[in-house]
Number of protein chains: 2
Amino acid sequence: MPRQVDHDERRRRLTEALLRIAGTRGLRAVSMREIAAEAGVSLRVVQYYFTNKQALLESGLTELGARMDRRVKRRAAAMGELTPRGVFAAVLGTILPFDEQSTLDSMAWTAYYTAALTDPALAAVGLTLPNALENFLTVRLTAAQQAGDITPDRDPRTEVAGLLALANGLTSSVLSQQRSYEAATKIIDYHLDRLFGPEIS
Amino acid sequence: MPRQVDHDERRRRLTEALLRIAGTRGLRAVSMREIAAEAGVSLRVVQYYFTNKQALLESGLTELGARMDRRVKRRAAAMGELTPRGVFAAVLGTILPFDEQSTLDSMAWTAYYTAALTDPALAAVGLTLPNALENFLTVRLTAAQQAGDITPDRDPRTEVAGLLALANGLTSSVLSQQRSYEAATKIIDYHLDRLFGPEIS
DNA sequence: ATCGTTAGGATACGGCTGTATCCATTCGGG
DNA sequence: CCCGAATGGATACAGCCGTATCCTAACGAT
């Protein structure tokens with residue numbers, strides 16, 4: 001075998017190139033040739049490592065989910081001991097675009113989200129992370145409720161759904177520059193105060 | 001002049017065809033020829049009444065805003081006397097996709113929103129309605145606060161921003177079938193209860 | 001050394017895109 | 001009556017798209 005090459009590494013580079021384009025110029029600017037140019041390779045290489053454009057697109061969506069997952073874990077680890085409220089602050093704060101990279105990823109995520117509304121194949125891949133987040137937070141909030149951290153009259157799943165919808169909506173408004181990241185963070189903190197009571201600091 | 005034709009009416013039909021495509025198959029499926037087919041006319045007619053594809057796209061976005069505006073007013077009128085809470089229920093309830101037509105429009109709106117993130121011309125057109133809504137509701141909420149309908153410790157603009165972000169996020173989750181319209185409505189009502197106190201009915 | 005597989009360069013194909021052009025028909029004002 | 005403007009049908013164009021094909025170079029195992 002000649003010039004043995006790490007296929008996974010090649011695919012990773014191509015996927016990253018794809019997400020760079022999607023994050024800056026939108027999914028509609030993503031073409032095989034553009035990806036090749038962005039990654040600094042020939043069109044043939046893109047074709048060689050991905051059977052389809054569809055496969056490439058799905059790879060991009062999967063990578064976006066993985067990045068979000070990593071960011072949540074990194075942020076949670078940086079916070080040290082995790083109160084129930086801390087878990088929510090970590091997850092919701094990670095959904096918002098808080099630096100350049102996460103802004104690009106949020107843009108790409110939004111593009112994918114929209115594409116998934118009219119593309120069932122993407123929808124299947126794209127809903128796994130949001131659903132996992134909702135389930136994870138619901139489990140945590142239910143436990144927090146049993147521990148007495150929030151009042152018993154709240155419905156955990158409803159609260160979680162509302163908070164995630166709020167974070168997503170705020171992400172939209174930050175991306176379209178209607179609001180700053182700081183303003184969005186304040187709104188989330190405000191809602192967490194209402195749920196958990198004021199932060200102990 | 002031969003066969004004098006109502007240009008505005010022609011343009012309206014073409015714009016409606018465009019929005020039908022955008023709402024069902026996404027903005028990426030919108031092409032001059034597809035619009036022509038959907039409207040039952042020839043390609044030339046589409047070219048004749050719109051100088052550009054860009055002009056056509058902007059016309060679609062403007063029409064989407066006008067439809068939302070009409071819906072809000074219709075709903076507000078149907079509610080009769082408008083308490084401050086009623087105004088919010090009308091506006092936020094209208095943002096959610098509540099029937100087939102508004103679902104199609106929400107889909108199209110989402111597609112436009114995403115496109116606007118990487119297309120400044122669309123962004124300029126698309127931000128007017130959201131900003132108008134935010135300002136309108138903020139004025140109303142400020143007045144309600146001065147009338148004693150909500151407690152003085154709330155910041156009207158922050159509350160409005162949060163509620164609009166919530167409604168937008170819920171719209172996303174309804175469109176992607178993560179949640180039903182009824183579930184989304186409950187979440188909004190719940191937050192309105194927190195703001196205005198429980199509904200008097 | 002050579003054979004066979006792997007990696008990719010070069011190029012081509014049919015289809016769709018937005019836009020432009022050419023031309024025929026229609027009809028109201030003189 | 002008929003001329004000229006309004007309307008729109010038919011067609012063409014260059015460019016990009018995803019995909020397929022052909023061919024060559026590199027190199028490990030035999």
Side-chain angles (χ1 to χ4, degrees), chain A residues 1-22 24-61 111-112 114-115 118-122 125, chain B residues 1-22 24-61 111-112 114-115 118-122 125:
Chain A
M1 301 134 195
R3 197 170 352 163
Q4 202 70 352
V5 153
D6 184 342
H7 281 220
D8 285 341
E9 200 269 347
R10 276 274 202 276
R11 272 190 270 267
R12 222 196 58 230
R13 283 195 186 284
L14 291 172
T15 302
E16 285 167 1
L18 153 57
L19 291 181
R20 246 173 285 138
I21 300 172
T24 50
R25 289 182 288 145
L27 262 188
R28 57 169 287 135
V30 169
S31 76
M32 302 288 236
R33 284 165 238 257
E34 281 296 328
I35 294 171
E38 175 70 30
V41 298
S42 77
L43 169 60
R44 185 67 230 278
V45 172
V46 182
Q47 287 188 281
Y48 192 78
Y49 290 99
F50 287 93
T51 57
N52 256 351
K53 187 185 184 181
Q54 186 69 23
L56 198 28
L57 286 177
E58 290 174 15
S59 162
L61 188 45
Y112 266 109
T114 301
T118 52
D119 180 340
L122 286 181
V125 181
Chain B
M1 301 128 194
R3 196 168 356 164
Q4 202 70 351
V5 153
D6 184 342
H7 281 221
D8 285 340
E9 200 269 348
R10 276 272 202 276
R11 273 190 271 266
R12 222 195 58 229
R13 285 195 184 283
L14 291 172
T15 302
E16 285 168 0
L18 153 56
L19 290 181
R20 247 174 283 139
I21 300 172
T24 51
R25 289 181 288 145
L27 261 188
R28 57 168 288 133
V30 170
S31 75
M32 301 288 232
R33 283 164 239 259
E34 282 294 329
I35 294 171
E38 175 70 29
V41 298
S42 78
L43 169 60
R44 186 67 231 278
V45 172
V46 182
Q47 287 189 281
Y48 192 77
Y49 290 99
F50 287 93
T51 58
N52 255 352
K53 187 185 183 182
Q54 187 69 24
L56 199 27
L57 286 178
E58 290 173 16
S59 160
L61 188 45
Y112 266 108
T114 302
T118 52
D119 181 340
L122 286 182
V125 182

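Residue numbers begin at 1 in each chain, while the letters A, B, ... track the order of the sequences. Note that these values count all heavy atoms, side chains included, but never hydrogens, waters or copies made by symmetry.
Every residue two or more places apart in sequence or in another chain was checked for a ring pair (Phe, Tyr, Trp, His ring centres under 6.0 Å) with B/Phe50, and none qualifies. Scanning for salt bridge (Lys or Arg N to Asp or Glu O under 4.0 Å) contacts around A/Arg33 gives an empty result, with sequence neighbours left out. Every residue meeting the salt bridge (Lys or Arg N to Asp or Glu O under 4.0 Å) condition with A/Arg12, not counting sequence neighbours, appears here in chain and number order: A/Glu16. With sequence neighbours excluded, the residues that form a side-chain contact (heavy atoms from CB on, under 4.5 Å) with B/Glu38 are B/Ala17, B/Arg20, B/Ile21.
B/Tyr49 comes within 4.0 angstrom of sugar-phosphate atoms only, judged by non-hydrogen atoms across all strands, and of no base.
Residue B/Asn52 has a polar side-chain atom (N or O) positioned under 4.0 Å from OP1 or OP2 of C/dT19. Listed pair B/His7 / D/dT7 meets the phosphate criterion, a side-chain N or O lying under 4.0 Å from OP1 or OP2.
Using a 4.5 Å cut-off on side-chain heavy atoms (C-beta onward), A/Leu57 and A/Val125 make no contact.
The nearest whole Å value for the distance from the CG atom in B/Leu18 to the P atom in C/dT17 is 14 Å. The OH-C1' distance, from A/Tyr48 to D/dA20, rounds to 15 Å in whole Å. Summarising the geometry, the separation between CD1 on A/Ile35 and C1' on D/dT19 is reported as 14 Å, rounded to the nearest angstrom. Following rounding to the nearest Å, A/Met32 (CE) and C/dA12 (P) show an atom-to-atom distance of 20 Å. Rounding to whole angstrom units, CZ of residue A/Arg28 and C1' of C/dC16 are separated by 14 Å. Going from atom CZ of B/Arg33 over to atom C1' of D/dC13 covers 11 Å, rounded to whole Å. The nearest whole Å value for the distance from the CG atom in B/Leu57 to the C1' atom in C/dG18 is 12 Å. Atoms CG (B/Asp6) and C1' (D/dG8) sit 17 Å apart, rounded to a whole Å.
Screening residues 40-56 of chain A for side chain to side chain donor-acceptor pair (under 3.5 Å) gives A/Gln54-A/Glu58 as the qualifying pairs, with residues at least two apart or on separate chains.
A 6.0 Å sphere centred on CZ of A/Arg25 holds more than 12 heavy atoms belonging to other residues, nucleotides or ligands.
Heavy-atom distances under 4.0 Å link DNA chain D to B/Ser42, B/Arg44, B/Val45 of residues 36-47 of chain B, given in residue order.
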